[in-house]
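Each chain gets a letter, A, B and so on, in the order its sequence line appears, and its residues count up from 1. Because the structure is predicted, anything quoted here is derived from the model rather than measured.
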Amino acid sequence: MSVSEKPRFIAQESLIGTRVTKMDAPEKIEGKTRYIHDISLPGQLHAKILRSGRVHARILSIDTRAARALPGVHAVITAADVPDQRPIGVVRDHLPLKGDRVRSLRDEIAAVAADTEEIAAQALSLIEVEYEDLPLLANPEDSQKPGAPVLHDDHPDNVAMRFEYSHGDVRAGEAESDVVLEDTFKLHYVTHCCMGVSGIIVEFDASGSLLMYSNTQVPFLHKREFADYLGMDPSRVRIIQPPIGGGFGSKLDIYPFEVICVFLARAAKRPVKLLFTREEEFLASPTRQPVLLTLRSGCKKDGTLTFRQVHTLHDNGAYTSWGATTPFVMMQTFSSLYRVPHCDYHTVAVYTNNPYAGSFRGYGNLQATFAIEQHMDMMAEAIGMEPLEFRLKNAQDAGEVTGQGMSFKSCGFKECLTTAAARSDYSRKRRENLEQRQSGGPVKRGIGMASMLHVGGGAKIYPSDGCGTILKLDDFAHVTLITGASEIGQGSETVLSQLVCEELGLPMSAVTVVNNDTAITPWDVGVHASRTTFIAGNSAIGAAKKAKVKILAAAAKKLECAEADLDLRGGWVIRAASGEALLDLPRLLRSLHFSDKAELVMTTFYYEPPSVHQDKAFKGDVSAAYAWATQVVEVEVDTETGIVRMNRVTAAHDVGRVLNRLGIEGQIEGGVVMGQGYALTENLLVEMGVMKNPNFRDYKLVTAPEIPEMDISFIESMDGEGPQGAKGVGEAPAICVAAATANAIYNATGVRMFDLPFTPERVYRALAGKSEKLCWKPE
Amino acid sequence: MSLMHDIDFTLNGVRRRATVRVDMSALDMLRETIGLTGTKYGCGEGECGACTIQVDGVSLNSCLMFAVDCHGRQVVTIEGLGADEASTRASALRDAFVEHGAVQCGFCTPGMMMQASHLLDRHPHADAESIKRGIEGNLCRCTGYKKIVDAIVAVGEGIAP
């Protein structure tokens, strides 16, 4: 059929739920994608940062004379050279360049911009710094002791943040409990390990406007923050986001290296590029926050949960980033994953001389779920109930409003539980493994489950949780989708295009996405909280619907019929009832454009989810929808070596609705394996403030031969507010794995492990009854 | 001042010369001297595989190879993969990576492609377990590897007689 030939009828086809290939996959596969590492600007200088290498010390002197005299060096800056620098970060406690004192190994002392990286490195080696070491605060447990070193003078108690939450009356809950458990869980340091290291390119143009090539996940917040920081008009700050080599939450805050590179570009009056080495990426990137968590839980003999009381101590590190605020998410899990009538939650995040904690996929929920889901198994055992039955008895349903004020409009939790249990044959295997604990060889099999609740419809943390879209149709019915939402590898551009094509009856090939330039794209709060598909998706649909109204109105006029009788399909205006092709869409668009009342079909839409900010007591329906999942992990534990092999993960996720099956499978598989690393292999070793393993040789990421078999089920609860019924999924798959693994190891061996990770040595020691005892007790 | 050295080698099927520092890695030469940026820096110490290239038909980490050691050799990077007689397989691999969803952020992908193509050249009938072993030295933080393995398995079987 030639292009111009008119088809008589066009059959209805939907893209929703199909396997749509990623739009940028071909160029990435061919190595043609230009990441920030691959971009060079004319006249560009190369920057390097001198870091303290001391954990806690006073700076006595910094001598940069030799570095400044080195040929090829264009700028050397220290704190003294940037008197206008101000603290950055969540509570503004972090000066980018340290002038009088360093509080962690990674602290920035000086920076150089030079013709080449080699010259910059040589210049760093010529900078002489004199230090006087200060007493060290390496353990969060020590931070509250009398006489502990004080890290920030304006925080004499070393407390960076506190959170207090409560609903009901835990004393009453405890009084009516038949079983009460209390245990302390210790969660370790891990870090994002994005395959592309951090980097930035900064340029001031002829008019003095600031242009940053940045991998930030929050370009519009960055734009405002940098403008504020530099005292510039925000309209003169532009951020271009080249494709990003992994995000996972690591790029949600403003970091010293970014500010320093801006200062260097200002001083050198040239474009400056700064890239981390892998070692620097380990040393100077945020981590997932280590947590010491004491959980007290109770239930009645009939399996009804009675109360939950939580005390957590967070290692904030030397400065405050988003890691300190993860209690926002943790408390949701404690208060609302199950129906708990009484719940208290107390958190204190304290300063130490350790690496500072940022945001990382799951945002505190891995830690909370690790504790809760072990206690669920332990309580079930204490009252002699099947773990599955115990969970089902307490699981949330659609229509519930929790003690924290979260309102569950769509909720497939129970279906997640029963589906994952059935597909893994959980109950039978659990019983058989129990029977075989005492018999057989040294390798024991175990199966364990864990479930999770996470925001799935954005999270109203900032003044707006919205996203804007601009949609343009050209003369050939090609769509340019201009969205505020960033693509960070997760496939947002593909799923957003899919949603637009679904509304406009166009093939995927008809869309170009523009999503990486604050000078062009409309506002969005950023890639966080599993929000992009939900928020940007609704925004894209809103813009597409407006375009469709315009197009059908024009077509109805031309065809002299009612708009309601028409629809769009396959690049044609069709008769809705029969699918009969009536008008060629490109021709219609051209006729609008070239008419007397010339008009282009361009629309804008801003979507703000119907959620609310939490009140001061942390109560309120903070997300427009909530995601649920149950994962069952099967392991083999070699009791002679402590090696835990993860054989199979059965995952059931309430995702609202599957939009792109290929993309969502990829999110879940990747999340599960990230969770596997958290559970079994990854451990950032920090001793006395010193990172011992800042490299891939000693920080063990999961490799291909170790991955489990994965069985994934999607529970489609069709959320009423979600784009085509979908809910967020980005963080969910990483959350349950460690908790389920702990339950599986218990099922295999009868030994409970409260500390992560489950590396062979630690498992072996636990099996031998030699695990370290925890000493911290909440007051 | 570092010593410079002239080398002569074949890059992606084209013979060429380059003047390189003697302490320069093949990775830096490719990216900085020659300007082929498809080969990625991930760790600089042979642990992540993002910089995988093929030299005389063998895959290796270009960050661990000196540029001067490219002299007299056949070097293939992601930009030249499939330009020779093995192009059917390289093209099938590209399609399979797209179709199976083996790409997310894509930063590991060029190295993964180079390793996968080398693996199938050596072991066209490799099963899933050997393929997992074969890409063990290539780290990916996004996908959980499953779709990468699926893509390579599909091509291996597809080409097998």
Side-chain angles (χ1 to χ4, degrees), chain A residues 19 21-22 24-35 37-40 117-118 192-197 243-248 275 277-279 281 488-491 660 662-663 665-674 676-677 695-697 701-707 709-710 733, chain B residues 2 21 23 28 31-32 35-50 77-79 81-82 93-114 129-149:
Chain A
R19 307 177 78 80
T21 59
K22 201 162 180 305
D24 59 4
E27 64 162 72
K28 285 178 169 172
I29 288 165
E30 292 183 36
K32 288 178 178 165
T33 301
R34 288 198 187 107
Y35 297 86
H37 322 83
D38 308 325
I39 295 171
S40 294
E117 276 190 69
E118 290 72 26
H192 306 72
C193 294
C194 301
M195 293 313 298
V197 290
I244 179 172
F248 316 113
L275 293 179
T277 61
R278 175 56 62 185
E279 184 181 18
E281 183 77 12
I488 65 163
Q490 84 280 44
N660 181 357
L662 197 62
E665 283 175 3
Q667 283 298 302
I668 291 182
E669 290 162 8
V672 164
V673 172
M674 194 174 262
Q676 179 189 10
N695 58 69
F696 284 140
R697 200 169 43 248
L701 290 179
V702 172
T703 59
E706 298 159 285
I707 63 168
E709 191 186 322
M710 289 179 262
Chain B
S2 49
R21 288 196 330 268
D23 61 348
D28 284 350
R31 291 183 55 83
E32 286 158 28
L36 290 183
T37 57
T39 308
K40 303 299 180 196
Y41 164 89
C43 69
E45 52 188 22
E47 291 290 335
C48 78
T77 68
I78 188 67
E79 289 88 351
L81 183 68
L93 262 178
R94 278 197 283 271
D95 292 347
F97 267 55
V98 174
E99 294 300 321
H100 287 266
V103 180
Q104 287 186 31
C105 91
F107 201 83
C108 73
T109 308
M112 206 61 94
M113 282 288 293
M114 295 308 288
E129 285 312 307
S130 350
I131 285 168
K132 286 181 189 171
R133 281 280 166 212
I135 60 166
E136 189 173 18
N138 292 70
L139 296 176
C140 169
R141 192 53 154 164
C142 297
T143 66
Y145 303 103
K146 180 171 184 298
K147 295 201 180 305
I148 297 173
V149 175

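Most heavy-atom pairs under 4.5 Å with chain A: of the set B/I135, B/V149, B/T143, this distinction falls to B/T143. Of all the listed residues (A/H192, A/K32, A/R34), the one sharing the greatest number of non-hydrogen pairs under 4.5 Å with chain B is A/H192. With respect to chain B, the highest number of heavy-atom pairs below 4.5 Å among A/I488, A/V672, A/V702, A/T33 belongs to A/V702. The greatest number of non-hydrogen atom pairs below 4.5 Å with chain B, out of A/G31, A/G489, A/A704, A/S40, is found for A/A704.
The nearest pair of heavy atoms linking A/I29 to B/R94 is CG2-CG, 3.4 Å. For the residue pair A/V197 and B/G42, the shortest heavy atom distance occurs at CG1-O, 4.3 Å. Across all their heavy atoms, A/T703 and B/L139 have their closest contact at CG2-CD2, 3.8 Å. In plain terms, the two heavy atoms of B/E45 and A/N695 that are nearest each other are OE2-CB, 3.1 Å. The two atoms that bring A/F696 and B/E47 nearest to each other are CB-CB, 3.6 Å, heavy atoms only.
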*Given side chain to side chain contact (heavy atoms under 4.5 Å, CB included), test A/M195 with B/K40 step by step and report yes or no.*
CA-CA 9 Å; A/M195 293 313 298; B/K40 303 299 180 196; over 6 Å; no
_B/K146 vs A/M710, test: side chain to side chain contact (heavy atoms under 4.5 Å, CB included). Steps then yes/no._
CA-CA 9 Å; B/K146 180 171 184 298; A/M710 289 179 262; 4.1 Å; yes
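Of the atoms belonging to B/K147, heavy atoms from both backbone and side chain fall under 4.5 Å from chain A. Using a 4.5 Å cut-off between heavy atoms, B/R31 contacts chain A through its side chain alone, with no backbone atom that close. Both the backbone and the side chain of A/E665 come within contact range of chain B, each with at least one heavy atom under 4.5 Å from a heavy atom of that chain. For A/P243, no part sits under 4.5 Å from any heavy atom of chain B, backbone or side chain.
Atom-to-atom distance recorded for A/L701:CG and B/R141:CZ is 5.0 Å, nearest 0.5 angstrom. With rounding to the nearest 0.5 Å, the separation of NE2 in A/H37 from OG1 in B/T37 is 11.5 Å. Note that the SG atom of B/C142 and the CE atom of A/M674 stand 7.0 Å from one another [nearest 0.5 Å].
B/E99 places none of its side-chain heavy atoms less than 4.5 Å from the side chain of A/L662.
Side-chain N or O atoms of B/Y41 include none that pairs as donor or acceptor with a backbone N or O of A/T277 at under 3.5 Å. A donor-acceptor pair is defined here as one N or O able to donate and one able to accept, closer than 3.5 Å; no such pair exists between the side chain of B/Y145 and the backbone of A/E706.
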Distance-only donor-acceptor hits, side chain of residues 100-111 of chain B, under 3.5 Å, sequence neighbours excluded:
from   : atom 1 : to     : atom 2 : distance (Å)
B/Q104 : OE1    : A/Q667 : NE2    : 3.4
B/Q104 : NE2    : A/G666 : O      : 3.1
B/T109 : OG1    : B/G106 : O      : 3.2

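Within a 6.0 Å radius of CZ in A/R19, other residues, nucleotides and ligands contribute more than 12 heavy atoms.
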